[in-house]
Structure formats: structure tokens, C-alpha cells
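Report on the structure given below.
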Amino acid sequence: MDQIRAMKVFLRVAERGSLTAASLDLGLSRGGASSVLTELERYLGVQLIERTTRSLRLTEDGQYYLDKARAITEAVENLEDEVGSAERQPRGRLRVQIPAGLTTLALAPALPAFLAAYPQVDLEILSRDGVPDFVGAQIDAAVLIGALPAIDIVARPLGRIPLMTVAAPHYLATHGSPASAADLAQHQCIPIISSISGRVVPWRFRIEGEVTTVPVHGRVAFETAAAAVVAAKRGAGIIQLASYLVYHEVRAGSLVAVLDAVRPGSNEMFLVHPRHRLKPKKLKVFEKFLIELNPKTREKWGVRQDR
């Protein structure tokens, strides 16, 4: 029995939760994939997956074997990358968590070029904020913006994301435009609740050459930036977000920048992955893609460099 092949079949079935879907991914018949699993279970002497006509469920032995088999197949792929020809194409599935706004507005439009360049890499993009669950969600890597969580990860800087403070023209016509960060105390602000800390994120401004955090208040706060943008466009208050989240609204005039003279600079963006895992070639080329993407999107958004 080809144990590595059998492991890969088992992994794909476990990940997809379906023999039919896994067999299509692997270019096998459903019966062929089922036979490989049966042979693997017979060889190991344990049942890995409980199979019924409607569902699949990993046994306790199957869950243990899943974690070990994933590490082994990743190690084999990495070894092949290292000792194989430099011309060898990256291959395999890459599951990455990326903030929803960044995925929709910056990543998705640029992905066709990446997919064309690396035809053997399959991407699964999870549009989520917060601390990535590398084990439970089977995530290979994640893009995080701002402060990093206190978990055991390797973080590669990808660049910086500028911040903008904006409001709807009709809100400013009614309430006036703040002349300084201190004036925000007299305005309705729409803060964001951090999905990592669970607390309201303080706003930042560059005051007398130093970046200073400023607490803000408002009658509503959101965990998702998209909802905050909609509320701000309707005149609910002022928001401070990454520039890519409000770029189209600012260009269209539905939101306008305020306090631009004290723009706070930017947030660092990172690609992170678990420290104990090797970095396969498929992740290395995706990392390169993200690094090259950031300067292009900065130019597109028309934002200035940090001062």
C-alpha cells in the first residue's frame, strides 16, 4: 500500500466531509476513494471514519491520525520542494484566513493573476477577523492587521495600511466638522469593537509629531467595518478605518475625510502561521503575492506614505 497516497486520500475526505467531493478533487471514482480508505483502516487495524449513507464522522482514532497525517504529508511536500527541481511548481491546497474587507476590496480582484501563475495551487479564503484557529479550522496561514495576538506564531510583515477618519457630508453639514481630535468629544463617533480583545478600538492621531490614542464615544459600535461604513454614509457619525475600507466612498463623495492634517499613519499588516509548521512553497509564493499586492493597492487608493 502507498501510505502517503492513502494519507492524502484520507485527509481530503476528512477535510471535505464527503467521499464524493474528495474523489472529484483527487481524480478518483467514489468507489476508488472508498477502497483506499478501507485498505488504510485494515492496514492500521482501526476505524478512522464512521460512514453512513448520509454522513461521515471521524472516530477518536481518526482525529488523532488526521493531525499526524497532515504533519507527515506537509513534511513530505516540503522535502520535495527543497530537494526537487527549482522549476517544480508549487501545488496543493492553501487555506488562509483574511479580513473580509481586505478580501473583497483588494485581494479578490488581484487573485486571477495568482491563480494563472500557479495552476496547481488551490486557495480556500476564509473571510474572518480575529484570532485564527489554526487547528480547529485547518488554517495554514492568516493575514492580521494591527496588534498581534499572544499566540505562538511566526509573523512576516506585509506592509502598512493607512487609516482615514471620514464622515458623510450631510452629517458634517448638520454637526460641523471637527477642527481637532479633541473636538471628537462633541461628535457622534462610530467605533469598532475588536474581534480579538472584545473592546472598543481607540482612535489614533498624530499630535505634535507623536501618534496619540484618543478615546471616542457614540451611541452605536460595530464589530464589522462594513456595517460601520453603511451607518456613516447614512449620517450616523464619524468613523476611523483602514483606507481601503472607505476608498470607494471617498472617491464617490458619499464620505469625506476629516482631520486629515493629523492623519495617524497606518497599521502594520502581517502574514502569520504556526511556529511549529514548515513553510511550504505554496505559502511562500502566496506571501510574495501579498507583499507585491500592497504597494499596488496603496497607489490605487491614492493614499500618502506615512510621515
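- Under the 30°/60° scheme for interplanar angles, the aromatic rings of His175 and His187 are found to stand perpendicular.
- Taken from OH in Tyr244 to CG in Leu102, the straight-line distance is 4.5 Å, to the nearest 0.5 Å.
- Under the 4.0 Å criterion applied to side-chain N and carboxylate O atoms, Arg204 and Glu210 are not assigned as salt-bridge partners.
- Transitive grouping of hydrophobic side chains (ILVMFWY, heavy atoms separated by less than 4.5 Å) keeps Leu163 and Val166 in distinct clusters.
- Linking ILVMFWY side-chain heavy atoms closer than 4.5 Å, directly or via other members, places Leu11 and Leu48 in a single hydrophobic cluster.
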Candidate pair Leu123 and Leu115, rule side-chain contact (heavy atoms from CB on, under 4.5 Å), full reasoning: CA-CA 9 Å; Leu123 288 176; Leu115 297 174; 4.1 Å; yes

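- Judged by distance alone, with hydrogens and angles left aside, the side-chain atoms of Glu124 form no donor-acceptor pair with the main-chain N or O of Leu94 at under 3.5 Å.
- Both Met164 and Phe222 belong to a common hydrophobic cluster when Ile, Leu, Val, Met, Phe, Trp and Tyr are linked at side-chain heavy-atom distances under 4.5 angstrom.
- Residues Phe134 and Tyr64 are members of separate hydrophobic clusters, defined by side-chain heavy-atom contacts under 4.5 angstrom among Ile, Leu, Val, Met, Phe, Trp and Tyr.
- Judged by distance alone, with hydrogens and angles left aside, the side-chain atoms of Tyr65 form no donor-acceptor pair with the main-chain N or O of Met7 at under 3.5 Å.
- Taking every heavy atom of both residues into account, Pro109 and Thr103 meet most closely at CD-O, 4.3 Å.
- Checking side-chain atoms of Thr73 against main-chain N and O of Arg70 turns up a donor-acceptor pair under 3.5 Å.
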When the side chains of residues 227-237 are checked against the rest of the protein, which donor-acceptor pairs come out under 3.5 Å, sequence neighbours left out?
none

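- If you check the side chains of Ser194 and Arg199, you find no donor sitting under 3.5 Å from an acceptor.
- Note on residues 96-115: pairs passing ring-ring contact (aromatic ring centres under 6.0 Å, His included), not counting sequence neighbours, are Phe114-Tyr118, Phe114-Phe286, Phe114-Phe289.
- Under the 4.0 Å criterion applied to side-chain N and carboxylate O atoms, Glu15 and Arg12 are assigned as salt-bridge partners.
- From Leu66, atom CG reaches atom OG1 of Thr59 across 10.5 Å, with rounding to the nearest 0.5 Å.
- Taking CG of Leu144 as the reference point, atom CG of Asn267 lies at 12.0 Å (rounded to 0.5 Å).
- Side-chain contact between Met269 and Pro157 is absent, with no heavy-atom pair separated by less than 4.5 Å.
- The CG atom of Leu271 sits 8.0 Å away from atom CD1 of Ile291, with the distance rounded to the nearest 0.5 Å.
- Residues Val200 and Val220 fall into different hydrophobic clusters, defined by Ile, Leu, Val, Met, Phe, Trp and Tyr side chains chained together at heavy-atom separations under 4.5 Å.
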